[in-house]
**Q** 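Quick one: structure below, then a few questions.
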Amino acid sequence: MESVSAQVHTAGRVKDLGKAVQFSWPGVYFEGRFRGTGVGVVLDCAAADYDVQVDGSTVATLFTPGDTTHWINGLRDGEHTVRVVKRNDTPGDTSTFGGFLAAPGGAVLSKPAPRDRQIEFIGDSLTVGYGNVSGTRDCNPEQIKRNTNTDMSHGALTAQQLEADYQINGFSGLGMVRNVAGICPDVTYRTYYDRALLNVDGDVWQNPGTWRPQVVVINLGSNDFSDLTPAEPWRPDSLAAAYRTAYGKFLRKLRTRYGLGTTLVAVGFDRNAEHVRQVVEARNDAGDSGVHYWFLDQAGLDFLGCDGHTSAHDDRVIADRLAPFLRSLRTGW
């Protein structure tokens, strides 16, 4: 069998092992083409859930499939597209995808062409789509896993509207300098951002050179400004100052990584909004006109996802607002 990367298109952060690829971030997707009446999806993952889509329609949802080849059979004999997408965030585990197989008499065809546009989404649970398809705020941990669908997150939907490839580099619970309820004080989102495999200390994603996003959307801060606990060293003023400083450094890191041709969009949401606006203003004053502020308006959102997170309805509303904003920017689109 040829290498997985030779037969599938992916924009996600993967570690290429040749006959398989490993990955950790939510929303990573693999797209292929085949001829025949069936296709096999080779997976080794006991932690995450996956949707399998053929010709644009979801034909199977695989819950923690384990080490398996899942077959979709009985299709019309002809050429088809296939897409497998990781639905949820499992940062403590590494997932493995071994490519697609054709049913007897068929063949895996050349991979789909990459899209011309690329968007990277950086954030926390709101970016992941945490519990967005639950229909209720009351969820136990198992229900959160089953009802998180990153493929229906506002980032994925925005990219779909803009016909763009995308990465959803979201990590629930983490912030720029502080995490929700003060958990895990020794790490932040920035600890993990450079990684492909989140649970491997020191791992660094090797960009194959094909990931050059025209737009990067950053939405970090909801967890930073969640209620302080008495045991934490932070005070509101010191937290806000540290947040603004770290945010400014993170934007400079992204600018260095992707160059002046990439538009950076910093999202203001809830209690972080004014601080984000100030950070963007400071970057603009320093001569970087490619950094933009976007306010995530909560009007019309029901927050019926698990634990009061945005719902699938909300994700559609947000995407319908974000996509036109991104279209309005000077991205070359």
**Q** Identify whether NZ of Lys or CZ of Arg in Arg83 sits under 6.0 Å from the centre of the six-membered ring of Tyr29 and within 45° of that ring's axis.
**A** yes
**Q** Can you confirm whether the side chains of Asp320 and Gln161 place a donor and an acceptor under 3.5 Å from each other?
**A**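 Yes - a donor-acceptor pair under 3.5 Å links their side chains.
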**Q** Testing the basics here: between Asn199 and Thr94, what is the closest heavy-atom pair and its distance to 0.1 Å?
**A** OD1-OG1, 3.0 Å
**Q** Between Asn88 (side chain) and Lys145 (backbone), is there a donor-acceptor pair under 3.5 Å?
**A**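 Between the backbone of Lys145 and the side chain of Asn88 there is a qualifying donor-acceptor contact (under 3.5 Å).
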**Q** Let me know which of Asp51, Asp151, Thr150 forms a side chain to side chain donor-acceptor pair (under 3.5 Å) with Arg87.
**A**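 Looking at Asp51, Asp151, Thr150, the match for Arg87 under the side chain to side chain donor-acceptor pair (under 3.5 Å) is Asp51.
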**Q** Evaluate the criterion side-chain contact (heavy atoms from CB on, under 4.5 Å) for residue pair Leu251 and Val291; output intermediate values, then yes/no.
**A** CA-CA 8 Å; Leu251 290 177; Val291 181; 4.1 Å; yes
**Q** More than 12 foreign heavy atoms under 6.0 Å from NZ of Lys111: is that the case here?
**A** yes
**Q** If Ile, Leu, Val, Met, Phe, Trp and Tyr residues are connected whenever their side-chain heavy atoms lie under 4.5 Å apart, and connections chain through other members, are Ile119 and Ile318 in the same group?
**A** yes
**Q** Between Gln167 and Asn169, do the side chains contain an N or O donor and an N or O acceptor separated by less than 3.5 Å?
**A**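 There is such a pair (donor and acceptor under 3.5 Å, judged by atom type) between the side chains of Gln167 and Asn169.
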**Q** When you measure from the side chain of Gln118 to the backbone N and O of Gln214, does any donor-acceptor pair fall under 3.5 Å?
**A** no
**Q** Treating Ile, Leu, Val, Met, Phe, Trp and Tyr as nodes and any side-chain heavy-atom pair under 4.5 angstrom as an edge, say whether Phe171 and Phe269 lie in one connected cluster.
**A**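 Cluster IDs for Phe171 and Phe269 differ.
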**Q** Checking Asp315 against Asn132: is there a side-chain donor and acceptor pair closer than 3.5 Å?
**A**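 Result is yes, a qualifying pair exists.
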**Q** Is Phe295 reachable from Val265 through a run of hydrophobic residues whose side-chain heavy atoms are each under 4.5 Å from the next?
**A** no
**Q** Give me the atom names and distance for the closest heavy-atom approach of Trp71 to Ala102.
**A** CH2-O, 3.7 Å
**Q** Is it true that Thr37 and Asp77 share a donor-acceptor pair across their side chains at a distance under 3.5 Å?
**A** no
**Q** Regarding Glu163 and Arg117, does a basic nitrogen lie under 4.0 Å from an acidic carboxylate oxygen?
**A** no
**Q** In terms of hydrophobic clustering (I, L, V, M, F, W, Y; side-chain heavy atoms under 4.5 Å; direct or indirect links), are Phe23 and Val52 co-clustered?
**A** yes
**Q** What's the verdict on side-chain contact (heavy atoms from CB on, under 4.5 Å) for Gln7 and Leu109, showing C-alpha distance, side-chain angles and the deciding distance?
**A** CA-CA 7 Å; Gln7 67 156 216; Leu109 304 175; over 6 Å; no
**Q** Taking all non-hydrogen atoms of both residues, which atom of Ala242 and which atom of Trp234 are closest, and how far apart?
**A** CB-CZ3, 3.6 Å
**Q** If you apply the rule side-chain contact (heavy atoms from CB on, under 4.5 Å), what do you find for Leu174 with Thr188, and how did you get there?
**A** CA-CA 6 Å; Leu174 300 188; Thr188 65; 5.8 Å; no
**Q** Do we get Arg190 above Tyr243's six-membered ring, with its NZ or CZ under 6.0 Å from the centre and within 45° of the axis?
**A**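 Output no; distance or angle outside limits.
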**Q** Is there a donor in the side chain of Ser172 and an acceptor in the side chain of Asp124, or the other way round, less than 3.5 Å apart?
**A** no
**Q** Do the charged groups of Asp224 and Arg178 touch, with an N to O distance under 4.0 Å?
**A**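 Not counted as a salt bridge, because no side-chain N and carboxylate O are separated by less than 4.0 Å.
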**Q** Would you mind checking if Asp288 and Arg255 are paired as a salt bridge, meaning a charged N to carboxylate O distance below 4.0 Å?
**A** yes
**Q** Is it true that Arg195 and Asp203 have a side-chain N and a carboxylate O under 4.0 angstrom from each other?
**A**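 No.
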**Q** Say whether Asp138 and Gln143, considering side chains only, have a donor N or O and an acceptor N or O under 3.5 Å apart.
**A**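 Looking only at side-chain atoms, Gln143 and Asp138 do not form any donor-acceptor pair under 3.5 Å.
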**Q** Return the minimal non-hydrogen interatomic distance between Glu232 and Arg235, and the atom names on each side.
**A**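 Looks like O-NH1, 3.7 Å.
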**Q** Using the ring of each side chain (for Trp, its six-membered ring), is Phe250 parallel, tilted or perpendicular to Tyr189, with breaks at 30° and 60°?
**A** perpendicular
**Q** For Ser5, is there any backbone N or O sitting under 3.5 Å from a side-chain donor or acceptor partner on Asp16?
**A** no
**Q** Can you see whether Asp270 engages Ser222 through a side-chain donor-acceptor pair at a distance of less than 3.5 angstrom?
**A**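 Side chains of Asp270 and Ser222: no pair found under 3.5 Å.
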**Q** For the pair Glu274 and Arg244, find out whether any cationic side-chain nitrogen is under 4.0 Å from an anionic carboxylate oxygen.
**A**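 Not counted as a salt bridge, because no side-chain N and carboxylate O are separated by less than 4.0 Å.
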**Q** Less than 4.0 Å between a side-chain N and a carboxylate O, is that true for Arg13 and Asp194?
**A** no
**Q** What are the two closest non-hydrogen atoms of Pro112 and Glu31, and how far apart are they?
**A** CD-O, 3.5 Å
**Q** Under the 3.5 angstrom rule, does the side chain of Asp165 hit a backbone N or O of Ala11 as a donor-acceptor pair?
**A** no
**Q** Could you tell me whether the side chain of Thr262 and the main chain of Pro213 form a donor-acceptor pair under 3.5 Å?
**A**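 Pair found, side chain donor or acceptor close to backbone of Pro213.
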**Q** Strictly distance-based, threshold 3.5 Å: is any side-chain N or O of Thr58 a donor or acceptor partner for the main-chain N or O of Ala60?
**A** no
**Q** Do Ser95 and Tyr50 have a side chain donor and acceptor closer than 3.5 Å?
**A**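 Tyr50 and Ser95 do have a side-chain donor-acceptor pair below 3.5 Å.
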**Q** Tell me, with the steps shown, if Asn219 and Leu296 meet side-chain contact (heavy atoms from CB on, under 4.5 Å).
**A** CA-CA 9 Å; Asn219 186 2; Leu296 200 168; 3.9 Å; yes
**Q** Cut-off 3.5 Å, side chains only: do Tyr258 and Glu120 have a donor facing an acceptor?
**A** yes
**Q** Would you say the ring centroid of His275 lies under 6.0 angstrom from that of Phe225?
**A**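 Ring-ring flag for His275/Phe225: true, centres closer than 6.0 Å.
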**Q** What is the ring orientation for Phe325 with His292, classed by angle as parallel under 30°, tilted 30 to 60°, or perpendicular over 60°?
**A**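 Perpendicular, since the angle between the ring planes exceeds 60°.
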**Q** Say whether Leu239 and Leu220 are linked into one hydrophobic cluster, either directly or through other cluster members, by side-chain heavy-atom distances under 4.5 angstrom.
**A** yes
